Visitor: 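One structure follows; several queries about it will come next.
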Amino acid sequence: MARILITSALPYINGVKHLGNLAGSMLPADVYARFNRLMGHEVLFICATDEHGTPAELAAAEAGQTPAQYCDEQHEIQKRVGAGFSLSFDWFGRSSREPNRKLTQHFADVLEDNGLIEERTSRQVYSVDDKRFLPDRYVEGTCPNCGYEKARGDQCDNCGTLLDPVDLINPYSSVSGSKNVEIRDTRHLFLLQSKLQDRIRKWVDARSANWPQLTSSIAYKWLDEGLIDRSITRDLSWGIPVTRHGKTRAGFEHKVFYVWFDAPVEYIGSTVEWAEANQQNWERWWRTDKGADDVAYVQFMGKDNVAFHTVSFPVTILGSEEPWKQVDRLKAFNWLNWYGGKFSTSSKRGVFMDQALELLPSDYWRWYLVANSPESSDTAFTWESFKASINSDLNDVLGNFVNRITKYASAKFEGQVPDGGTPGEHEAWMVQQLQERLPQFIAHYEAMEFRKAAAETRAIWAAGNEYITKAAPWTAYKTSVDQAALGIRTGLNLVALFGIIAQPIIPETAKKILDALNIPEGNRSLDPKKIGEGGYPALLDALPRGLPIAVPPQLFTKIEDAQVAEWKARFGGE
RNA sequence: GGUGGGAUAGCUCAGCCGGUUAGAGCGCAGGACUCAUAAUCCUGAGGUCCCCGGUUCGAUUCCGGGUCCCACUACCA
């Protein structure tokens, strides 16, 4: 049994996430967590809301709330929606809580002790009417290069030139539209990443072999360009106060740590929250000097997050010179697009997590998003392929199989696992299928290749349909009840197995199947050792004969063309 | 602009180190079966593997150039 720590990139607090966010980190992390529990490993699955920063402050202001109120409310919403998708976090924390505050301030202290932080003065745009400094993208004005009037402070959307907000002509605040802006000097803490350049590269070299190409190429890109010292504080009120040895740092009374400095620390902070709430020991997961040296740590995230996890956060950890557990494997995802374009909140393109649950049960979405996971490149969501995938894979292949077998058992064998018959060529064929496919199924999951894992799952289900067609118990019944009993008994065992292997991706449906067959909780794992004991033939005769079984409620309903038309009209899609 | 990724059947995608009749699922066509949610099973038709060069006995696979799509580009996260 291994110990596996799994974290998903933290969803930002600013509103319910869309399906792309779900597909690119939280969902695959959950599937991986569930798979590893299925294999009998000890798993700790951690996530949290990332709550600090300018967007949270602005969204709160727009909602007429304080940032704290706003975040309280949004956290609960995201937590509820996550639960609606059966995301099996051991803890879903908040970066605004005490443990993260303490840890973040601790890291800043030790980094400064180690000579990796210094104060510097920089020039920033200040909006007098908004009474705040403006991050680059909240300053707009006329592009000095092309004359476009709505260029943002960091880049002109019209000509693509990278800009410094100081260079904009007629700058104004995009928060209020006020033109009353000026350049002011401001003091900030800078993390001296350049000093750790070589150590980070060595650290990446030692690990990149275990990373997918997408991950390592992004990490090396940043290293090759050279790490630059970056400011880790901001002129904001919502965030973690800047302290030195526990006291407010002089001159930093109205500043907080930059959200990207504290957010990754919340992986640890959230674990502390979990430990405090459950009387657990968090250090055995995070401190290699206190038992975490045998932990395998796996991170999931979208590609936009990779640089922060392969370079920035490692700077914090390595620079601390403390024995923190660091990431072993890092799985990054491309984007799920909406009909080839982006999901967009403002133009109402795409489906958000809460809306998705209003339309259909979570397992429908989980299956599609895993089976079409944007692993090797960006992937387009379309209602047409969604419908085809659900109707065929879930309804016809799995749902119908479960239904046909359990109904027949109910009609002809009194709703029990029947006795009688001797396995023959058809059963041997099925055993061979399992022998080939189950190791593949496991290997794909272990390699974190989720599309392939889903495809293999489906292939195993499909083999069940093929088996029952060959065995044809309904024909055999006319001449030999024993022969029919063999087919149905084997079929029922397959139903149980199909439910077990379905658990990582479609846990709710899997539960319905396993409940209908009265499989005890303790017998729902797929421990390879157990398979080894009886070999693959035993999988087809695992249920006790005479075990009463029920016909589960209809597992899936087909998606109709009319629904697709309605959803396209409502959510966009072309 | 720079950097990285992608371009393979109608659609979504697999195809480590060059040699395969180039594969899967969906969709489509034909057939079988009838236990089942008109579900399932079998068979089949579909591909100048983006373009142009080069290396090689041989290139979808390697190299160079080009075209198109996407992402990142560091104080939004």
Side-chain angles (χ1 to χ4, degrees), chain A residues 9-14 50 52-56 58 122 124 133-138 152-155 159-162 165 188 193 213-214 216-218 220-222 224-235 258-261 263 302-308 311-312 334-335 337 340-342 371-373 375-382 384-385 387-389 391-393 395-397 399-412 449 451-452 454-455 458-459 462 464-477 484 487-488 491 551 554-558:
Chain A
L10 308 185
Y12 194 64
I13 194 67
N14 194 3
D50 172 16
H52 297 135
T54 310
L58 295 179
S122 61
Q124 289 238 297
F133 281 93
L134 297 173
D136 290 358
R137 293 198 185 184
Y138 289 101
R152 290 175 314 176
D154 56 338
Q155 180 170 23
C159 67
T161 309
L162 294 180
H188 281 296
Q193 299 193 121
Q213 184 186 27
L214 180 63
S216 40
S217 66
I218 292 174
Y220 281 118
K221 185 206 124 199
W222 277 46
D224 291 344
E225 289 178 0
L227 297 187
I228 61 173
D229 301 335
R230 57 204 309 258
S231 159
I232 56 164
T233 52
R234 293 289 182 276
D235 292 285
Y258 174 41
V259 60
W260 258 117
F261 185 69
K303 58 185 168 186
D304 56 328
N305 267 295
V306 171
F308 294 99
V311 177
S312 305
N334 289 282
W335 301 125
N337 286 325
K342 286 187 181 179
N372 297 282
S373 175
E375 289 179 297
S376 60
S377 64
D378 294 352
T379 301
F381 176 96
T382 66
E384 291 78 5
S385 70
K387 167 178 176 278
S389 180
N391 290 357
S392 170
D393 300 347
N395 190 79
D396 298 349
V397 175
N400 179 58
F401 181 79
V402 171
N403 187 252
R404 70 197 294 203
I405 299 293
T406 54
K407 267 199 178 153
Y408 198 85
S410 178
K412 305 287 189 184
E449 302 218 43
R451 269 178 184 258
K452 290 180 180 173
R458 196 204 112 96
N465 278 309
E466 193 175 340
Y467 162 77
I468 208 69
T469 301
K470 291 180 199 283
W474 47 88
T475 305
Y477 193 84
I488 289 304
V551 177
Q554 180 160 333
L555 299 175
F556 305 102
T557 307
K558 282 201 178 194

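Not measured: the values here are computed from a predicted model.
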Visitor: May I ask which nucleotide in the shown strands pairs with B:rA24, Watson-Crick or G-U wobble, both distances under 3.5 Å?
Guide: B:rU12
Visitor: For B:rC50 and B:rU60, measure between their C1' atoms and round to the nearest Å.
Guide: 11 Å
Visitor: Kindly say whether, by distance alone, the side chain of A:Asn334 makes a donor-acceptor pair under 3.5 Å with the base of B:rA71?
Guide: no
Visitor: Return the nucleotide paired to B:rC17: Watson-Crick means purine N1 to pyrimidine N3 with N6-O4 or O6-N4, wobble means G-U with N1-O2 and O6-N3, both under 3.5 Å.
Guide: none
Visitor: Check the geometry between A:Trp474 and B:rC35 and answer yes if their rings are stacked (centres below 5.5 Å, planes below 30°), otherwise no.
Guide: yes
Visitor: Is A:Lys558 close enough to B:rA39 that one of its side-chain N or O atoms is under 4.0 Å from OP1 or OP2 there?
Guide: yes
Visitor: Think A:Lys407 has a side-chain N or O under 4.0 angstrom from the OP1 or OP2 of B:rU37?
Guide: yes
Visitor: Rounded to whole Å, how long is the line connecting atom NZ of A:Lys412 with atom C1' of B:rA36?
Guide: 13 Å
Visitor: Report which part of the nucleic acid A:Ala462 touches: base, sugar-phosphate, or nothing (heavy-atom distance under 4.0 Å, all strands).
Guide: sugar-phosphate
Visitor: For nucleotides B:rG5 and B:rG23, find the distance between their P atoms and express it as a whole number of Å.
Guide: 28 Å
Visitor: Tell me which nucleotide among B:rU40, B:rA74, B:rA77 gets nearest to the side chain of A:Asp50.
Guide: B:rA77
Visitor: Can you figure out which of B:rA74, B:rC41, B:rC72 approaches the side chain of A:Thr469 most closely?
Guide: B:rC41
Visitor: Rounded to whole angstrom, note down the C1' distance from B:rC69 over to B:rC51.
Guide: 16 Å
Visitor: Report yes if a donor N or O on one partner sits less than 3.5 Å from an acceptor N or O on the other, where the partners are the side chain of A:Arg451 and the base of B:rC13; otherwise report no.
Guide: no
Visitor: Identify which nucleotide among B:rA74, B:rC35, B:rU37 has an atom closest to any side-chain atom of A:Arg404, counting heavy atoms from C-beta outward.
Guide: B:rC35
Visitor: Rounded to whole angstrom, note down the C1' distance from B:rC28 over to B:rG46.
Guide: 9 Å
Visitor: Does any donor atom in the side chain of A:Ser122 or A:His188 lie under 3.5 Å from an acceptor atom in the other side chain?
Guide: no
Visitor: How far does the P atom of B:rA9 sit from the matching atom of B:rU67, given to the nearest Å?
Guide: 22 Å
Visitor: Any side-chain N or O of A:Tyr408 less than 4.0 Å from the OP1 or OP2 oxygen of B:rU34?
Guide: no
Visitor: How far does the P atom of B:rG44 sit from the matching atom of B:rU3, given to the nearest Å?
Guide: 49 Å
Visitor: Tell me whether B:rG46 sits syn or anti, counting syn as a glycosidic angle within 90° of 0.
Guide: syn
Visitor: With RNA chain B as reference, determine whether A:Gly53 or A:Lys303 sits nearer its 5' end, using the nearest nucleotide of each.
Guide: A:Lys303
Visitor: Check every strand shown and say whether A:Gly226 touches a base, only sugar-phosphate, or nothing at a heavy-atom separation below 4.0 Å.
Guide: base
Visitor: Between B:rA22 and B:rA45, how far apart are the P atoms? Round to whole Å, please.
Guide: 13 Å
Visitor: Detail all sub-3.5 Å separations between protein N/O atoms and N/O atoms belonging to nucleotides 23-25 of chain B.
Guide:
residue : atom : partner  : partner atom : Å
B:rG25  : O3'  : A:Arg458 : NH2          : 3.0

Visitor: At 4.0 Å (heavy atoms only), tell me whether A:Asp396 reaches a base, stays on the sugar-phosphate, or touches nothing.
Guide: sugar-phosphate
Visitor: Can you measure A:Asn372 atom CG to B:rA14 atom P for me and round it to whole angstrom units?
Guide: 11 Å
Visitor: Would you tell me whether A:Lys303 and A:Asn334 have side-chain atoms, one donor and one acceptor, within less than 3.5 Å of each other?
Guide: yes
Visitor: Does the plane of the ring in A:Phe308 sit parallel, tilted or perpendicular to the ring in A:Trp260? Use 30° and 60° as the thresholds.
Guide: parallel
Visitor: Quick one: look up who B:rU55 pairs with, Watson-Crick or G-U, both distances under 3.5 Å, and put none if it's unpaired.
Guide: none
Visitor: Any strand is fair game: report the nucleotide pairing with B:rA39 by Watson-Crick or G-U wobble, both distances under 3.5 Å, or none.
Guide: none
Visitor: Distance check: side-chain N/O of A:Thr379 vs OP1/OP2 of B:rC13, anything under 4.0 Å?
Guide: yes
Visitor: Could you give the distance separating B:rC17 and B:rA7 at their P atoms, to the nearest angstrom?
Guide: 14 Å
Visitor: Classify A:Pro473 by what it touches in the nucleic acid, base, sugar-phosphate, or nothing, heavy-atom distance under 4.0 Å.
Guide: nothing
Visitor: My understanding is that a pair needs two contacts under 3.5 Å, Watson-Crick or G-U wobble. By that rule, which nucleotide pairs with B:rA7?
Guide: B:rU67
Visitor: Given atom CD of A:Glu449 and atom C1' of B:rC16, what is their separation to the nearest angstrom?
Guide: 11 Å
Visitor: Under a 3.5 Å cut-off for both distances, is B:rG1 Watson-Crick or wobble paired, and to whom?
Guide: B:rU73
